Amino acid sequence: MSEPLTTRPTVTGISIFRQPPPLCTFLFLIVLFVATFYTLNHPNTTPPPLLTSQNTHYALNLHRLFLSSASNSTISSYLHALTRHPHLAGTKPSLETLDYVLNHFKSLNLETHISEYEALLSYPTHISVTARFSNTTTVVFDLNDVHGDDDDSSVVKPYHAYSPSGSAQGSVVFVNHGEERDYLALESIGVKVKNCLVLVRKGETLGRGGIVKIAEDKGALGVLIYAENDGGGLGGIERGTVMRGIGDPVSPGWPGVVGGEKLGLEDDQVTRRFPKIPSLPLSLHNAEILLASLGGARAPVEWRNSGRVGPGRTVLNLTFQGEMKMKKIYNVLVTIRGNEEPDRYVILGNHRDAWTYGAVDPNSGTSALLDIGRRFALLLKSGWKPRRTILLCSWDAEEFGMIGSTEWVEENVLNLGASAVAYLNVDCAVQGSGFFAGATPQLDSLLVDALKLVQDPDVAGLTVEETFKSQNGIIQRLSRVDSDFAGFLHHAGIPSIDMYYGADYPVYHTAFDSYDWMIHNADPLFHRHVAMAGVWGLLGILLADEPLIPFDYISYAEQLEAHRDTLTKLLEGKVSVNPLSMAIQEFSMVAKEAADEAKKLKEQASNKSDVAAAVKRRELNDRMMLVERGFLDAEGIKGKEWFKHLVYGPAAEPESKLGFFPGIADALARNSSEGIIEHEIWRVARAIQRASKALKGGFT
Ligand SMILES: *[C@@H]1O[C@H](CO)[C@@H](O)[C@H](O)[C@H]1NC(C)=O
Ligand SMILES: *[C@@H]1O[C@H](CO)[C@@H](O)[C@H](O)[C@H]1NC(C)=O
Ligand SMILES: *[C@@H]1O[C@H](CO)[C@@H](O)[C@H](O)[C@H]1NC(C)=O
Ligand SMILES: *[C@@H]1O[C@H](CO)[C@@H](O)[C@H](O)[C@H]1NC(C)=O
Ligand SMILES: *[C@@H]1O[C@H](CO)[C@@H](O)[C@H](O)[C@H]1NC(C)=O
C-alpha cells in the first residue's frame with residue numbers, strides 16, 4: 001500500500017534536480033532531500049511508494065517536491081484576485097482577468113501566448129415577466145438576484161444566452177422537469193401546453209437547452225425555468241446558455257479565427273443552433289407564487305407534487321430583449337517544452353470566464369491551475385525537464401457553450417490527433433466536499449494511483465483515494481457535454497479526465513458564486529483546492545514523464561464489456577449484439593498483448609543506451625495514444641454530426657438508459673426500426689475494430 005505524500009505547504013529552497021545527475025550526485029541528492037523532507041514532515045514513516053521502474057527516486061522526489069510546495073494561502077490569494085469583479089466573456093472586466101492570468105504565467109518565465117477568436121455571444125438588454133392573476137392583480141416580477149449594492153451593478157441580469165428576443169403572452173402550465181415523459185403524463189390527464197408558457201423545475205437529467213427544445217416542439221410560447229435550490233435560501237437565479245451544440249454558432253465546425261469565414265445570422269446552420277421561443281430563468285420565490293396561482297388539473301401523482309398544473313386564469317407576459325454581438329475571446333496557453341518527446345502533449349485545461357464572480361465556477365479551477373503553474377516553474381528551476389510537452393490552458397467563453405476550447409480544438413484538430421496524449425479538465429475545482437471524477441477508462445488506474453499520493457483535505461491520515469473509495473469510488477464516463485473536455489473527447493478523440501470536489505452547490509450560476517461564499521461554505525481553508533491541484537498536477541507530471549504512457553486498455557476492454565452487457569439487457573434479445581461482442585473480444589485480446597509488451601519494455605526501460613528499446617517504447621506509446629481516435633467516426637452521431645465519438649457522447653433523449661454508445665442510445669430512444677439499431681451497433685463495432693487496429697499496429 002502506498003503512503004500519502006503530504007500536501008502541506010513547506011518552504012522548499014533546495015534545488016535538487018539541476019541536471020539529470022550522475023549516479024553519485026544523484027544518491028547524495030536523494031539522501032539530502034529525503035532527510036530534509038522526512039525530518040520536516042514525516043518524523044517516522046514507512047518508505048514511500050514506487051512509481052516507476054526507471055529513475056524511481058528521481059520521480060519520487062519530483063512528486064514530493066510538487067506536492068510539498070502547495071500553498072493554500074497562495075491559492076486563496078489567486079481566487080480572491082480572480083473574483084474581484086464579475087467577468088463574463090466578451091465584457092471589459094473579463095480582460096482584467098485575462099491580464100491577471102497572462103501576467104501570472106509570464107512572471108513565472110513560462111512560455112505563454114494567447115489564442116484569439118471572434119465568436120457570436122449573447123447579452124440581455126431588457127427582461128421582464130408580468131403576471132396577471134385571476135383576482136385581477138398584476139405583478140411585475142423582480143428578476144434580479146442582486147439588490148441594492150452599487151458594486152453589483154456589473155453583474156449581468158439572470159438570462160438565457162441565445163434566447164430569441166421577443167414577448168410571449170399566455171396562460172401557464174407547470175411541466176415538472178420538462179422531459180418528454182412529463183408532457184406525456186400531462187397529456188394523460190388532458191393537459192396540453194400548446195400556446196401556453198411552460199414553467200419548469202430544473203431536474204437532474206435534462207439541461208436548459210434540452211428543456212427549451214422540447215417545450216418548443218410541444219408548441220409552447222415561452223419557457224420559465226427555476227431551480228429548487230435557489231442559492232441556499234439566498235434567492236439566487238441560475239443563468240445559462242440555451243444554445244444547441246457547442247462552439248461559436250457562426251463558425252460551426254471550423255475555427256472562428258479573426259478574419260475567417262463567418263456565417264450570416266439568417267443562415268440555416270446558425271438559426272438551428274438557437275431556440276425559436278424566448279425563455280428566462282426565474283427565482284424559486286417567484287415560481288412558488290406562480291405555482292400557487294395556477295389552478296387547472298392536479299399534478300400527475302408520479303411528480304409527487306400536490307399542487308395544480310394549470311392552465312388556469314393566470315396570464316403571463318415574458319419578455320426578453322437581447323443582442324447578439326461578435327466578440328473577441330481569448331484563450332491563454334502555457335507551453336512547458338518536453339525534453340525527450342517535445343512533440344507529444346499532455347494538456348491541462350480550465351475555463352476563466354464566469355457568469356458572475358465565478359468563485360466556484362470556474363475560478364476555483366483557475367486558482368488551482370495558477371498554483372500548478374507556480375509549482376511547475378519551481379520544479380523547472382530545480383532542474384526538472386518533463387519528458388513530454390505540457391500545455392496549461394485557460395479557456396474563454398465556456399459558459400456560452402464551450403466556445404474558447406471548441407474553437408481551439410477545431411483549429412488544432414489534426415495536430416491534436418497526431419500528438420495529444422491526454423486532456424485533463426478541471427472546471428469547478430471545489431463546490432463542496434467529496435472527490436468526483438470522470439475519465440475515459442484507460443486512465444482509471446492512473447487516476448487512482450494519483451489519488452493514492454494525495455492527502456485527503458478533510459480526513460487527517462487518509463489519502464484522497466481512501467475517502468473516494470469509501471464514498472462510492474465510481475469513476476464516471478464522460479458522455480456529458482458540460483465542460484471543456486467535450487471538444488477534446490467527443491470531437492478529437494483525446495483520452496480525458498474531468499474532476500471536481502462536491503457533487504453540487506446551491507449558488508450555481510447565481511450572483512452569489514463569490515469568494516465570500518467559497519470561504520463560508522465550500523472550502524474555508526482552501527485544503528480542497530490544494531488537494532485538487534495536487535491530483536491534477538501529479539496526473540500531468542505522470543503522463544508527461546513516464547517513459548511508457550500509463551494507459552490501461554484492459555480496463556477499457558472491461559468497461560466496453562460492461563456497456564455491452566447493459567445494452568444486451570435493454571435490447572431483450574430483439575436485436576443481436578454479436579458484432580459488438582466480437583469486436584470487444586478482439587479489443588480485449590489486443591489490450592492484453594499490449595500490456596505484456598509494455599511490461600517487457602518496462603524491464604528494459606532502465607537501460608538508457610538501448611536505442612532499440614527506446615524506439616520500441618515510442619512505437620507502443622504512439623499506438624496507445626491513437627486508440628481513442630479509433631472510436632471517432634467521420635460521419636459522427638446522427639443529427640449532431642460534429643460529435644464523432646461513438647462510445648462516449650451526448651444522447652438526444654434524457655430518458656435514454658445508456659450513458660454510452662450515443663448512436664445506439666438515440667436509435668433506441670427514437671424507437672427506430674431493428675435495421676437502424678443494427679446499423680448503429682455495427683458502427684460501434686467497427687469503431688472498436690479501428691481502435692484494436694491502432695493498438696495492434698501494422699496493416700491487414
Ligand atoms: C392575487 O393573487 C396572487 C396570486 O395568487 C397573490 O399573490 C396576490 O396576493 C393576490 N392579490 C390580492 C389583492 O389578493
Ligand atoms: C409584454 O411586455 C412587454 C414588455 O413590457 C410589452 O412591450 C408588450 O407589449 C407586452 N405584451 C402584451 C401582449 O401585452
Ligand atoms: C491554510 O491552512 C492552514 C492550516 O490548516 C490554516 O491555518 C490557514 O488558515 C489556511 N489559510 C487560508 C488562507 O485558508
Ligand atoms: C543496454 O543496452 C545496450 C544496447 O542494447 C547493451 O549493449 C548493454 O549491454 C545494455 N546494458 C545493460 C546494463 O543491460
Ligand atoms: C415503438 O414502436 C412499436 C412498434 O413500431 C410500437 O408498438 C410502440 O408503441 C412504440 N413505442 C413508443 C414509445 O413509441
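In listed order, ligands and their atoms are each counted from 1. Quick caveat, the model's predicted, so the values are computed rather than measured. Just so you know, these numbers use all the heavy atoms, side chains as well, and skip hydrogens, waters and symmetry mates.
Between R375 and S69, the shortest heavy-atom distance links the atoms CG-OG, 3.3 Å. Taking both residues in full, the closest heavy atoms of Q471 and G434 are given as NE2-CA, 3.4 Å, listed atom of the first, atom of the second, then distance. Taking both residues in full, the closest heavy atoms of G461 and Q455 are given as N-NE2, 3.5 Å, listed atom of the first, atom of the second, then distance.
For atom 12 (C) of ligand 2, the closest non-hydrogen atom of the protein is Q169 OE1, 3.1 Å. Of the protein's non-hydrogen atoms, the one nearest atom 13 (C) of ligand 1 is T137 OG1, 3.8 Å. Regarding atom 5 (O) of ligand 2, its nearest protein heavy-atom neighbour is S128 OG, 3.8 Å. Scanning the protein heavy atoms around atom 2 (O) of ligand 2, the nearest turns out to be N317 ND2, 2.4 Å. Among all non-hydrogen protein atoms, the one lying nearest atom 7 (O) of ligand 1 is I289 CG2, 4.2 Å. The shortest contact between atom 4 (C) of ligand 2 and any protein heavy atom is with T319 OG1, 3.6 Å.
Assignment of P524 to the shell around ligand 3 is supported, since a heavy atom sits closer than 4.0 Å.
Near S76, meaning under 4.0 Å from one of its heavy atoms, ligand 3 places the atoms 13 (C). Near L525, meaning under 4.0 Å from any of its heavy atoms, are these atoms of ligand 3: 1 (C), 9 (O), 10 (C), 14 (O). Using a 4.0 Å cut-off to heavy atoms of S293, the atoms of ligand 1 that qualify are 4 (C), 5 (O).
Aromatic pair W384/F376: centroids less than 6.0 angstrom apart.
Checked for salt-bridge contact, K202 and E228 miss the test: no charged N lies under 4.0 Å from a carboxylate O. Taking 4.0 Å as the cut-off between side-chain N and carboxylate O, D145 and R239 count as a salt-bridged pair. Salt-bridge check for E216 with R244: passed, with a basic side-chain N closer than 4.0 Å to an acidic carboxylate O.
Compare L291, N135, L294, L290 by their heavy atoms: the one nearest to atom 8 (C) of ligand 1 is in N135. Comparing heavy-atom distances from atom 3 (C) of ligand 3 across V530, I75, N72 singles out N72 as nearest.
Shown here is K192, whose NZ atom has no more than 12 heavy atoms of other residues, nucleotides or ligands within 6.0 Å.
By the 3.5 Å distance cut-off applied to N or O atoms, S73 is not counted among the residues near ligand 3.
Looking at L282 and L143, their side chains come closer than 4.5 Å, going by heavy atoms from C-beta outward.
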